[in-house]
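So the structure is just underneath, and the comments pick up after that.
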Protein chains: 2
Amino acid sequence: MNAQTDDITPGARGRFERMHAELRNRICLLDYAPGTRLSEEALAAEFGVSRTPLRRVLARLEGEGLVQSVHGVGTFVTDVEIDELGQTYRLRLELAELTGKLDPVPPGPELMTEFEKLLVRARKLSREADPKPYAQLIMDFFLAAQRLTANEPLREINERLYVRTTRIWLKSIFAARIDLAEEMAVFTREVEDVLAALRIGDLHAASLIQRAHISMSFERMRRGTAG
Amino acid sequence: MNAQTDDITPGARGRFERMHAELRNRICLLDYAPGTRLSEEALAAEFGVSRTPLRRVLARLEGEGLVQSVHGVGTFVTDVEIDELGQTYRLRLELAELTGKLDPVPPGPELMTEFEKLLVRARKLSREADPKPYAQLIMDFFLAAQRLTANEPLREINERLYVRTTRIWLKSIFAARIDLAEEMAVFTREVEDVLAALRIGDLHAASLIQRAHISMSFERMRRGTAG
DNA sequence: GCGACCGATGATGTGCACAACATTCGGGAT
DNA sequence: ATCCCGAATGTTGTGCACATCATCGGTCGC
């Protein structure tokens with residue numbers, strides 16, 4: 001997810017980072033839905049390594065709360081129950097606002113261009129059966145917004161909570177109860193509003209907008225899942 | 001660090017948890033100072049296992065930012081430079097206050113008793129050459145304060161940031177520039193004030209007091225280290 | 001027929017030998 | 001004397017065989 005993740009670092013460390021990033025992406029983009037069993041042997045064969053280094057990757061993912069290994073049964077992509085999801089979202093609300101207050105970094109022209117491209121992508125994205133483009137767009141927007149703070153620990157924590165919750169939210173969205181087109185319209189509006197705030201240099205406002213949208217999107221999910 | 005960490009869970013999971021907790025404690029209590037090299041073979045022999053499961057523990061610790069492994073060189077206890085330390089402390093300030101606002105849990109009589117015991121320990125603790133009792137007391141106070149919120153993700157993140165920073169702070173304290181007796185007097189005052197706030201049921205005030213003390217203690221460390 | 005037991009099966013966990021890598025130290029050419 | 005190269009050493013990383021565990025299905029006893 002970080003910038004240096006996708007480069008072609010040689011050696012053992014590079015292999016580890018690439019496998020880790022790849023598996024995390026698959027989990028976040030719902031290639032592996034919550035509950036899916038991950039075969040160590042199959043993944044090891046796919047990446048062309050033995051089980052040993054792959055298991056190290058899985059151990060890291062387990063530390064991040066994305067998978068859970070059970071002796072003699074398998075390693076499964078974690079799911080998150082509604083209670084903990086609510087706690088996490090309430091925390092993400094506050095952290096989103098902090099992103100605009102703690103070590104804020106005014107966006108340069110290239111970052112502004114990136115936000116504009118994200119807005120174009122959001123407007124173009126039509127109804128799709130595959131959750132992947134949605135997940136990718138929303139994650140790219142999240143990552144772009146992360147660049148508005150220089151506080152590295154805050155970014156790390158934000159990412160940590162993001163990958164644990166958004167895939168669950170995305171899964172709920174596609175589970176049917178929620179109107180997908182409306183959800184994307186709301187998201188497009190969020191990008192527009194954040195972009196407007198950034199154009200006048202008000203980072204705190206941008207973070208408040210995101211805070212509001214995180215809150216509302218969770219509320220929509222909660223209502224859609226409950227009925 | 002959690003309650004279920006120190007129980008005697010059998011099987012592979014239990015061994016892992018126990019080794020992990022033990023090594024984390026040693027790092028946090030400065031048994032292994034920043035920069036120390038950890039020998040996989042020696043630790044494996046000590047715990048009576050082979051290198052394989054021990055390496056899994058080290059991988060977890062690396063994910064938590066407590067150690068770093070370098071191929072062909074060794075795994076070393078991490079140090080934190082002043083810049084990132086400042087970022088982390090600024091973040092911890094905000095999170096400390098959140099602990100009083102997000103899912104607050106009024107302390108029961110047993111927790112109040114624990115705080116009172118901590119106050120007694122703080123008052124008794126005289127000048128010592130060994131940092132361990134100080135580290136243990138401060139950590140116990142931190143853990144007790146964590147029980148004032150039911151927000152599990154917040155607690156997890158608080159702990160994560162705590163273990164990464166407090167050992168560095170403690171190391172600086174014992175590096176000489178800072179008056180140890182005065183530092184402990186300030187800490188005792190913090191426990192007293194938090195206890196007073198809890199007695200009248202004002203959890204937000206308790207969190208604000210802790211926020212203030214985190215800020216001030218970092219400032220004292222910064223000044224002591226800079227000169 | 002039904003239930004309990006047990007063996008087969010397939011998964012993760014462990015131990016060990018070896019590979020890859022970085023550092024260090026010593027010897028030889030200049 | 002100095003610099004460079006390479007072997008020796010010690011470390012983490014990898015591959016593989018086996019141990020341990022949970023699950024499932026068949027079979028035996030009742």
Side-chain angles (χ1 to χ4, degrees), chain A residues 4-5 7-24 26-27 32-79, chain B residues 4-5 7-24 26-27 32-79:
Chain A
Q4 69 271 20
T5 294
D7 62 0
I8 46 163
T9 311
R13 179 59 56 102
R15 259 203 305 250
F16 173 83
E17 298 288 351
R18 266 173 291 150
M19 290 192 291
H20 174 66
E22 175 64 26
L23 288 184
R24 186 180 54 185
R26 291 183 188 178
I27 294 173
Y32 300 142
T36 306
R37 191 180 75 82
L38 302 183
S39 169
E40 293 185 351
E41 202 158 352
L43 288 175
E46 178 191 338
F47 288 117
V49 296
S50 99
R51 278 180 54 213
T52 309
L54 182 87
R55 279 175 59 75
R56 186 169 183 166
V57 175
L58 291 181
R60 175 75 122 248
L61 291 172
E62 187 171 26
E64 296 171 340
L66 295 183
V67 305
Q68 183 168 15
S69 294
V70 183
H71 189 181
V73 182
T75 75
F76 300 89
V77 177
T78 56
D79 206 340
Chain B
Q4 70 270 23
T5 293
D7 62 0
I8 46 161
T9 310
R13 179 59 55 104
R15 258 203 307 250
F16 174 83
E17 297 289 352
R18 267 175 290 148
M19 290 192 291
H20 174 66
E22 176 64 26
L23 288 184
R24 187 181 52 185
R26 290 183 188 178
I27 293 173
Y32 300 143
T36 306
R37 190 180 75 80
L38 301 183
S39 168
E40 293 186 353
E41 202 158 354
L43 289 175
E46 179 190 339
F47 289 115
V49 296
S50 98
R51 278 180 54 214
T52 308
L54 181 87
R55 279 175 58 74
R56 187 170 183 166
V57 175
L58 291 180
R60 174 76 122 245
L61 291 173
E62 187 171 25
E64 296 170 339
L66 294 182
V67 305
Q68 182 168 16
S69 294
V70 182
H71 189 180
V73 182
T75 74
F76 301 89
V77 177
T78 55
D79 206 340

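Reminder, nothing fancy here: chain letters follow the sequence lines and each chain counts from 1.
- Chain B approaches DNA chain D within less than 4.0 angstrom (heavy atoms of the protein), and the contacting nucleotides run 5' to 3' from D/dG10 to D/dT14.
- Among the atoms of the strands shown, none is found under 4.0 Å from any heavy atom of A/R13.
- Every side-chain contact (heavy atoms from CB on, under 4.5 Å) that B/V70 has, sequence neighbours left out, goes to B/V73.
- Take A/T52 and apply the side-chain contact (heavy atoms from CB on, under 4.5 Å) test, not counting sequence neighbours, and it matches A/S50.
- Taking the side-chain contact (heavy atoms from CB on, under 4.5 Å) definition, one finds that B/A59 meets it with A/R56, sequence neighbours left out.
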Checklist entry - A/T78 and A/I27: side chain to side chain contact (heavy atoms under 4.5 Å, CB included), yes or no, with the steps? => result CA-CA 9 Å; A/T78 56; A/I27 294 173; over 6 Å; no

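- Evaluation of the salt bridge (charged side-chain N to carboxylate O under 4.0 Å, His left out) rule for A/R13 yields B/E62 as partners, not counting sequence neighbours.
- Residue B/R37 is in sugar-phosphate contact alone, with no base atom involved, counting any heavy-atom pair closer than 4.0 Å across all strands shown.
- Residues A/L43 and A/M19 fail the side-chain proximity criterion, which asks for heavy atoms closer than 4.5 Å.
- Contacts of residues 45-54 of chain B with DNA chain C (heavy atom under 4.0 Å): B/V49, B/S50, B/T52, B/P53.
- If you measure from atom CZ of B/R55 to atom C1' of C/dT14, you get 13 Å, rounded to the nearest angstrom.
- The shortest side-chain heavy-atom distance between B/F76 and B/V67 does not fall under the 4.5 Å cut-off.
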Item to check | Criterion side chain to side chain contact (heavy atoms under 4.5 Å, CB included) on B/R51 and B/L54, from CA distance to verdict | outcome: CA-CA 5 Å; B/R51 278 180 54 214; B/L54 181 87; 5.5 Å; no

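- Residues from residues 56-73 of chain B placing a heavy atom under 4.0 Å of any atom in DNA chain C, listed by number, are B/R56, B/H71, B/G72, B/V73.
- Not counting sequence neighbours, the partners of A/R55 by the salt bridge (charged side-chain N to carboxylate O under 4.0 Å, His left out) test are A/E40.
- The stretch residues 63-77 of chain B participates, sequence neighbours left out, in these side-chain hydrogen bond (donor to acceptor under 3.5 Å, both in side chains) pairs: B/H20-B/E64.
- Here CZ of B/R26 is found 14.0 Å from CG of B/L66. Values are rounded to the nearest 0.5 Å.
- Counting heavy atoms from C-beta outward, A/F47 and A/E22 have side chains that approach closer than 4.5 Å.
- Residues passing the side-chain contact (heavy atoms from CB on, under 4.5 Å) test with B/E41 are B/S39, sequence neighbours excluded.
- Axis angle, first five pairs versus last five pairs of the helix from C/dG1-D/dC30 to C/dT30-D/dA1: 20°, rounded to 10°.
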